[in-house]
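Keep in mind the model is a prediction, meaning the values are calculated, not measured.
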Amino acid sequence: MASCWWPWRWRRGCSWRPAARSPGPNSAGRAALYAPRAAAVAAAATVAVARAQMSYCSLMKSLTSAFRNMYGVSRFHHTTPVACCFSETLSGEKYTDPFKIGWRDLKGLYEDIRKELFISTAELREMSEYHFDGKGKAFRPIIVVLMARACNIHHNNARNVQASQRAIALIAEMIHTASLVHDDIIDDASSRRGKHTVNKIWGEKKAVLAGDLILSAASIALARIGNTTVISILTQVIEDLVRGEFLQLGSKENENERFAHYLEKTFKKTASLIANSCKAVSVLGCPDPAVHEIAYQYGKNVGIAFQLIDDVLDFTSCSEQMGKPTSADLKLGLATGPVLFACQQFPEMNAMIMRRFGSPGDVDRALQYVLQSDGVQQTTYLAQRYCHKAVSEISKLRPSPERDALIQLSEMVLTRDK
C-alpha cells in the first residue's frame, strides 16, 4: 500500500525542496534509507541552475516525437532536476488563475450535461448522471474554453466564446467521463473521486450501458455543431481511447520499445482528448491551420504531462488525496513512468514487469524499488519537459489573459497533488 510519506515535492518556486510533513510510520528507518539520496538530490538541484547549459531548443528537439521515433527510456533519463518558472512568461500580468477565468464560460456546465442525458428511464438516468455532480476538476472543459478565447482573440480580437466552442467543452467532459466509467469496469475499480464506482453500485453490465449512453449523448451534441471537420477531429478521440486501452492490455519485452509503448498509450488514453478538443475549438474560431496546430500541440503536451504526474501521484500521494486507491497501477500489472525509470537502476524489475507483477510479493517489491530509485524524479522531470513544450507552443499566440492562463495551467499540472 502506498504511503503518504514523500520527502520531496515539486513546488511553485521551481526547485526541489523538502515538503513540510508530519512523521509517518517507521519514519526513522525511512529517513536513514533516504537521507543519502535526499542529500544528493538537494546538492544536484543547487548545481542545476548554474550548469543548465543545454539550450531550450536542443532540449525540445530531444523530446519531440519521442514515442513515434521509438526512443528508449535511457534517452529521457536526466541526471539532475532543472529549475523553471512559467510565471515569468506571463505578459506582465499578475498571477492568472485559469479556473477562475475559465469558469466564466462554464456556469451551469453540469446542469447542461444532465440536460443532454435526459431520458425517461430513472435508473439509467441516475447511472449516467452519477459522475456529473460538480465534484470533478473540470480540467478538460477549462482548457477548452481558455483555448477558445485565446484563439478567438488571436484571430480577430473577439472576446466571446461561441456557443459551438462551449459545446466542445461539454462534449470533452462527457467523453472523458464515459471513458472513466468503462475503465473502472475493465480495472474492476471500486472507488472514483472519493465515492463508489458505477460498476460497484449497479454492476458491470449496467455500467457498460451507462458509459455507452454518455458517449451517444456526446455524439448527438457533436452532430448538432454541424461542422464536419470538427466531427472528424473528435471522433478520432474515441478511436484513440479504444486503441490506448488495447495498448495498456499489452506489454513489450524489449526495454526500449516498452517506454515508447508507454508514451503512445499515454497519448491515446489521456492526451488525445485534450489535444483534439483544443484543435476543434481553434477550427471553430480561426481559419489559420498554423493556429490549429498550436492548439493541438499545446493540448497534446499538457495532456501527456498531466498523465505523467498522475502516474507519479500513484506512488507519492495517499488515497484520501487522490479519491481512489494508490499503487493501483502496480496492482493492475501496469508499468508506468516511475517503474520504467526505476528499472534502469534495478534490472531485476524486468521480470516482474513481464509477468505484470503477478507473483506474490511483486507489488510490494516493485514499490520499494521505485521509492529507492529516482524514478519519481525522472518522471516529474519528463513531465516538466512536456510542459515546457506546451508553453513554447501557446506563447506563439497573441498575448491575452486566456493565453497567460493556459501558461499558468501548465505549471499547475506540475504542482498538483491530486
Q: Phe306 ring centre to Arg416 NZ or CZ under 6.0 Å, with the angle to the axis within 45°?
A: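 Because its charged atom sits under 6.0 Å from the ring centre and within 45° of the axis, Arg416 does stack over Phe306.
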Q: When you measure from the side chain of Ser373 to the backbone of Gln345, do you find a donor-acceptor pair of N or O atoms at a distance under 3.5 Å?
A: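 No; judged by distance alone, with no hydrogens or angles, the pair does not exist.
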Q: For the side chain of Gln165 and the backbone of Leu284, is there at least one donor-acceptor N/O pair under 3.5 Å apart?
A: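 Side chain of Gln165 to backbone of Leu284: no pair is present.
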Q: Are the side chain of Arg114 and the backbone N or O of Phe132 linked by a donor-acceptor pair below 3.5 Å?
A: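 Side chain of Arg114 to backbone of Phe132, a donor-acceptor pair under 3.5 Å: yes, one is there.
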Q: Please determine whether a side-chain nitrogen of the Lys or Arg among Arg356 and Asp362 lies less than 4.0 Å from a carboxylate oxygen of the Asp or Glu.
A: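 So Arg356 does not pair with Asp362 through a salt bridge.
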Q: Under the rule for salt bridge (charged side-chain N to carboxylate O under 4.0 Å, His left out), what residues qualify as partners of Arg224, not counting sequence neighbours?
A: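 If we apply the salt bridge (charged side-chain N to carboxylate O under 4.0 Å, His left out) test to Arg224, skipping adjacent residues, the hits are Glu116.
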Q: Mark yes or no for whether Ser128, through its side chain, and Arg125, through its backbone, hold a donor-acceptor pair below 3.5 Å.
A: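 Not a single qualifying donor-acceptor pair exists.
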Q: Could you point out which residue of Asp184, Asp188, Asp187 forms a salt bridge (charged side-chain N to carboxylate O under 4.0 Å, His left out) with Lys200?
A: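 Answer to the salt bridge (charged side-chain N to carboxylate O under 4.0 Å, His left out) test with Lys200 among Asp184, Asp188, Asp187: Asp188.
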Q: Output the distance between atom CG (Asn301) and atom OH (Tyr386), rounded to the nearest 0.5 Å.
A: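 Asn301 CG to Tyr386 OH: 7.0 Å, rounded to 0.5 Å.
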Q: Any side-chain to backbone donor/acceptor pair from Arg403 onto Leu397? Under 3.5 Å, distance only.
A: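 Side chain of Arg403 to backbone of Leu397, a donor-acceptor pair under 3.5 Å: yes, one is there.
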Q: Between atom CG of Leu340 and atom CD of Gln378, what is the distance when rounded to the nearest 0.5 Å?
A: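 It comes to 12.5 Å.
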Q: Might you point out which heavy atoms bring Ile225 and Ser164 nearest each other, and give the distance in Å?
A: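 Heavy atoms of Ile225 and Ser164 come nearest at CD1-O, 3.8 Å.
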Q: To the nearest 0.5 angstrom, please state how far the OG1 atom of Thr379 sits from the CG atom of Asp310.
A: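 Reported to 0.5 Å precision, the distance equals 12.0 Å.
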Q: Between the side chains of Asp240 and Lys269, is the shortest nitrogen-to-carboxylate-oxygen separation below 4.0 Å, so that they form an ion pair?
A: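 Not counted as a salt bridge, because no side-chain N and carboxylate O are separated by less than 4.0 Å.
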Q: I'd like to know if the side chain of Gln297 and the backbone of Ile294 have a donor-acceptor N/O pair within less than 3.5 Å.
A: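 Such a contact is absent between Gln297 side chain and Ile294 backbone.
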Q: For Tyr110, which residues count as a ring pair (Phe, Tyr, Trp, His ring centres under 6.0 Å) partner, sequence neighbours excluded?
A: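 If we apply the ring pair (Phe, Tyr, Trp, His ring centres under 6.0 Å) test to Tyr110, skipping adjacent residues, there are no hits.
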Q: Taking Thr228's backbone N and O only, do any of them form a donor-acceptor pair with Ser232's side chain (distance below 3.5 Å, no angle check)?
A: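 Between the backbone of Thr228 and the side chain of Ser232 there is no qualifying donor-acceptor contact (under 3.5 Å).
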Q: For the backbone of Ala295 and the side chain of Lys300, can you confirm whether one donor and one acceptor N or O come within less than 3.5 Å of each other?
A: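 Between the backbone of Ala295 and the side chain of Lys300 there is no qualifying donor-acceptor contact (under 3.5 Å).
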Q: A quick test of your reading: do over 12 heavy atoms of other residues, nucleotides or ligands sit less than 6.0 Å from NE2 of His196?
A: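 Not more than 12 within 6.0 Å, no.
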Q: Yes or no on side-chain contact (heavy atoms from CB on, under 4.5 Å) for Ile143 and Cys278, after CA distance, side-chain angles and deciding distance?
A: CA-CA 7 Å; Ile143 287 185; Cys278 286; 3.4 Å; yes
Q: Identify whether the distance between the nearest side-chain nitrogen and carboxylate oxygen of Asp112 and Arg166 falls below 4.0 Å.
A: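 The answer is yes: the pair qualifies as a salt bridge.
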Q: Apply salt bridge (charged side-chain N to carboxylate O under 4.0 Å, His left out) to Glu239 and list each qualifying residue two or more places apart in sequence or on a separate chain.
A: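 In terms of salt bridge (charged side-chain N to carboxylate O under 4.0 Å, His left out), with neighbours along the sequence ignored, Glu239 is linked to Arg243.
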Q: Check whether any side-chain N or O of Asn254 sits under 3.5 Å from a backbone N or O of Glu257 as a donor-acceptor pair, and report yes or no.
A: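 Confirmed, Asn254 side chain pairs with Glu257 backbone.
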Q: Could you tell me whether Glu393 and Lys389 make a salt bridge, using a distance below 4.0 angstrom between a side-chain N and a carboxylate O?
A: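 Salt bridge flag = yes for Lys389 with Glu393.
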Q: Which pair of non-hydrogen atoms, one from Val339 and one from Ile353, has the smallest distance, and what is that distance?
A: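 Heavy atoms only, the tightest pair is CG1-CD1, 4.0 Å.
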Q: Test Ser395 against Ile407 for side-chain contact (heavy atoms from CB on, under 4.5 Å), laying out the working first.
A: CA-CA 8 Å; Ser395 296; Ile407 292 173; 3.9 Å; yes
Q: I would like to know whether Phe139 and His176 meet side-chain contact (heavy atoms from CB on, under 4.5 Å); could you show each step before the answer?
A: CA-CA 10 Å; Phe139 178 72; His176 170 61; over 6 Å; no
Q: So does Pro347 get a backbone contact from the side chain of Asn350, meaning a donor-acceptor N/O pair under 3.5 Å?
A: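 Flag set: sc Asn350 to bb Pro347 pair under 3.5 Å.
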Q: Restricting to non-hydrogen atoms, name the atom on Ala366 and the atom on Phe357 that form the minimum distance, rounded to 0.1 Å.
A: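 Residues Ala366 and Phe357, closest heavy atoms: CB-CE2, 3.7 Å.
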Q: How many angstroms lie between CD1 in Ile168 and CG in Leu234, if you round to the nearest 0.5 Å?
A: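 Going from the CD1 atom of Ile168 to the CG atom of Leu234 covers 5.0 Å.
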Q: Taking only residues two or more places apart in sequence or in another chain, which ones pass ring pair (Phe, Tyr, Trp, His ring centres under 6.0 Å) with Tyr262?
A: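 Applying ring pair (Phe, Tyr, Trp, His ring centres under 6.0 Å) to Tyr262 gives Phe259.
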Q: Report the residues that fulfil salt bridge (charged side-chain N to carboxylate O under 4.0 Å, His left out) with Arg104, sequence neighbours left out, ordered by chain and then residue number.
A: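 Arg104: salt bridge (charged side-chain N to carboxylate O under 4.0 Å, His left out) contacts with Glu402.
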Q: Applying salt bridge (charged side-chain N to carboxylate O under 4.0 Å, His left out), can you list everything that pairs with Asp311, at least two apart in sequence or on another chain?
A: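 Counting only residues at least two positions away or on another chain, Asp311 forms no salt bridge (charged side-chain N to carboxylate O under 4.0 Å, His left out).
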